[in-house]
Amino acid sequence: MVDTKYDVVIVGGGAAGLSGALTLGRARRKVLVVDAGRPRNAPAQGVHTFLTREGMPPHELLAIGREEVTGYGGEIVTGTVVAAERLGGEEPGPFRVTLADGSAVVAERLLLATGLVDELPDVQGLAERWGKDVLHCPYCHGWEVRDRAIGVLSTGPLGVHQALLWRQWSERVTFFLHDGPRPDDEQREKLAARGVTVVEERVAGLEIGGESGGGGLTGVRLAGGRVVACEALAVGTRLSVRADLLPGLGLETAELVMAGHVIGTHVPADATGATGVPGVWVAGNAVNVTDQVIAAAAGGVRAGAAINADLIEQETRRAVAARRAAGHDPKDQHGHGHGHGHSGFEVPEGVTAEEFWDGRYGEQDRIWSGAPNVALVREVTGLPPGRALDLGCGEGADAVWLAQRGWRVTAADISQVALDRAAEETERAGVADRIEWRRHDLATSFPDGSYDLVSASYLHSPVQLPREEVLRKAAAAVVPGGTLLITGHLGWPSWMEQPPVEVAFPTPGDVLDAVELTEPGWEVLTCEEFTRERSAPDGTPGTHADYVIRARRRP
């Protein structure tokens, strides 16, 4: 089965991820958010310094955000992404994202909003009270503990700075040196001037009120046994980005230094969140570890807008490629495969084959007629179903027809746009479990395996490709007793008044010789020319001369 395709997959459904999804949804992008359901601020009672959302519980903020995202067509799933990788090609994407349940999706772009992990000092009771009365940010929690007895646990060179900062919210601040560096004379003078009490002894644990320890923080227990009264404890954590997915994408973390002290790690990115890997953005605490919720949300908006702009550039390149080739495309309008054939045409300068074909299919919502290739229907009807390979499958008409008659089909095409449409049609037809869609540029790769039927229909296009070599590979993929079916054009359609004279269409005889189907190992069952009625682009009736070859590999 082909993986479901999205414009953008966002890993992480916090404020940054949902804001990016909302921005992209409003830009009419197909977006999927994968969220593990472990937001960093889950223990907190409320979100603060977020205009119009002051004090709102984090889970409520996220619930509203999810509703807004899905209101614009975005999809959200609860799950854990275990792998992400680029699939190759000349574009930044696509990327495959694999979830812990084994499912996978494909996206043209990725936005990583995975957040970070607070690594707490090893002090008894600290983790259990994290986000309640063990705090990290005065702007997030200072107002709620104002005028109370506040402790500041020193773990590094920023301890004095933190103690003086928390002094803004209370006159009762105790600075526990713990395992942090001892203040110099100037720092001690500042602390004394602000009335901050300094405790030299190491901290052993926390004291919690209530008969069974179910109350709040009441004090800090020192290594010597003394307890210092304390109702809130500020802790400087090490802020480490969640980096499990980065190696598969070629990304690395970097240390974040403040006042000469490493406070954590992050993913380097530019102002929009674009990383050093094309097609991958980051937002929120994954890139800016000190961002509060509102800043993380803003980062998601910036990244979403930048991703949309990047996709527009890609789509425009593809559209330009298709426009330049307009009038020079001998593709069968019934959509029986676009192929890669004639060398008489060149891909416009700077445009890849993938860009050309994605742009070609992107010109319209659908190019195919919805009917399978008439030659395929005639030649394959009556054959016992087995394994089939459909080369240049386009939007999937032939593959669907084969699957409906019991064949297990591998369908290959260069255009992801065409493959996505084909997969959708397969779902509607109820044969999704019988077709595997594969993206292949037949100039550089060929589907592996052996097949009872290999169909190569209308492998003609403005994109250069060694067509004879492709057809020989198609013949080699047929099992003994199996069938090779080749359908092609004998010339230009009747409405082309001045067809390019430098292009020569092969005759059936040319194809037989090139593919070596006249050798003893093959039996040619059909080799015919026929004329089909087709409508010209302006709707007037016309004709197209074609040929069909059906050959059987001898057992």
Side-chain angles (χ1 to χ4, degrees), residues 88-91 321-322 324-325 328-332 336-361 373 388-394 398 410-416 418-419 438-451 453-478 482-492 499-519 521-522 524 527 546-551 553:
E90 299 184 31
E91 294 283 8
R324 289 176 180 176
H328 304 290
D329 181 6
K331 179 189 179 300
D332 176 26
H336 310 311
H338 71 265
H340 304 289
H342 282 290
S343 60
F345 287 97
E346 299 287 344
V347 179
E349 185 178 354
V351 176
T352 68
E354 292 179 6
E355 287 176 336
F356 172 83
W357 281 112
D358 281 342
R360 173 71 176 89
Y361 283 102
N373 177 356
L389 173 62
D390 183 16
L391 297 173
C393 64
D398 288 357
T410 298
D413 201 278
I414 192 174
S415 171
Q416 190 64 53
L419 290 171
R438 296 184 187 177
R439 187 172 187 175
H440 279 279
D441 179 353
L442 297 179
T444 58
S445 65
F446 193 89
D448 55 7
S450 299
Y451 303 88
L453 169 66
V454 177
S455 173
S457 298
Y458 298 102
L459 294 186
H460 306 287
S461 86
V463 182
Q464 280 193 339
L465 184 133
R467 182 171 181 271
E468 294 180 355
E469 179 182 338
V470 171
L471 292 177
R472 282 193 290 270
K473 290 180 179 179
V478 178
T483 298
L484 174 65
L485 184 68
I486 303 172
T487 310
H489 295 309
L490 285 169
W492 297 101
V501 295
E502 69 274 15
V503 175
F505 286 85
T507 66
D510 294 333
V511 176
L512 290 174
D513 292 339
V515 187
E516 300 177 348
L517 297 180
T518 55
E519 297 297 315
W522 287 93
V524 178
C527 182
D546 295 342
Y547 69 87
V548 59
I549 295 171
R550 177 164 66 100
R553 180 186 286 277

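When a residue number appears, it is its place in the shown sequence, counting from 1. Everything numeric here is computed off the predicted structure, so don't read it as measured data.
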Once you round to the nearest 0.5 Å, how far does [atom1] of [X] lie from [atom2] of [Y]?
| X | Y | atom1 | atom2 | result |
| --- | --- | --- | --- | --- |
| Ile414 | Asp441 | CD1 | CG | 3.5 Å |
| Glu519 | Leu512 | CD | CG | 11.0 Å |
| Ile549 | Trp522 | CD1 | CH2 | 11.5 Å |
| Asn373 | Ser455 | CG | OG | 6.5 Å |
| Arg550 | Cys527 | CZ | SG | 12.0 Å |
| Leu442 | Glu469 | CG | CD | 10.5 Å |

Quiz item: Ser445: what forms a side chain to side chain donor-acceptor pair (under 3.5 Å) with it, not counting sequence neighbours?
Solution: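 Result, side chain to side chain donor-acceptor pair (under 3.5 Å) vs Ser445: His440.
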Quiz item: Considering residues at least two apart in sequence or located in another chain, which fulfil the side chain to side chain donor-acceptor pair (under 3.5 Å) criterion with Asp510?
Solution: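 Here the qualifying residues are Thr507.
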Practice problem: Over all heavy atoms of both residues, which pair between Ala411 and Leu419 is shortest? Give the atoms and the distance, please. | Solution: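 Heavy atoms only, the tightest pair is O-CD2, 4.3 Å.
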Practice problem: Over all heavy atoms of both residues, which pair between Gly449 and Ala477 is shortest? Give the atoms and the distance, please. | Solution: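 Taking every non-hydrogen atom into account, O-CB, 4.0 Å.
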Distance-only, no hydrogens or angles: does the [X] side chain make a donor-acceptor pair with backbone N or O of [Y] under 3.5 Å?
| X | Y | result |
| --- | --- | --- |
| Arg472 | Ala514 | yes |
| Asp413 | Gly394 | yes |
| Asp358 | Gln416 | yes |

Pairing residues for [X] by the salt bridge (Lys or Arg N to Asp or Glu O under 4.0 Å) criterion, not counting sequence neighbours:
| X | answer |
| --- | --- |
| Glu91 | Arg317, Arg318 |
| Arg553 | none |
| Glu516 | none |

Exercise. Please identify each residue that fulfils side chain to side chain contact (heavy atoms under 4.5 Å, CB included) with Ala456, with sequence neighbours left out.
Key: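 Once residues adjacent in sequence are excluded, the partners of Ala456 under the side chain to side chain contact (heavy atoms under 4.5 Å, CB included) criterion are Leu391, Leu459, Leu471.
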Quiz item: When the ring planes of Phe505 and Trp492 are compared, do they come out parallel, tilted or perpendicular, using 30° and 60° as the limits?
Solution: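 Perpendicular: the ring planes of Phe505 and Trp492 meet at over 60°.
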Quiz item: Is there a side-chain contact between Pro506 and Glu468 (heavy atoms, below 4.5 Å)?
Solution: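 No; the side chains remain at least 4.5 Å from each other.
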Exercise. Taking the side chain as every heavy atom from C-beta outward, state whether Ile486 and Pro508 have any atom pair closer than 4.5 Å.
Key: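 Side-chain contact under 4.5 Å: no.
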Quiz item: Between Asp448 and Arg438, does a side-chain contact (heavy atoms from CB on, under 4.5 Å) hold up when you go through it step by step?
Solution: CA-CA 11 Å; Asp448 55 7; Arg438 296 184 187 177; 2.8 Å; yes
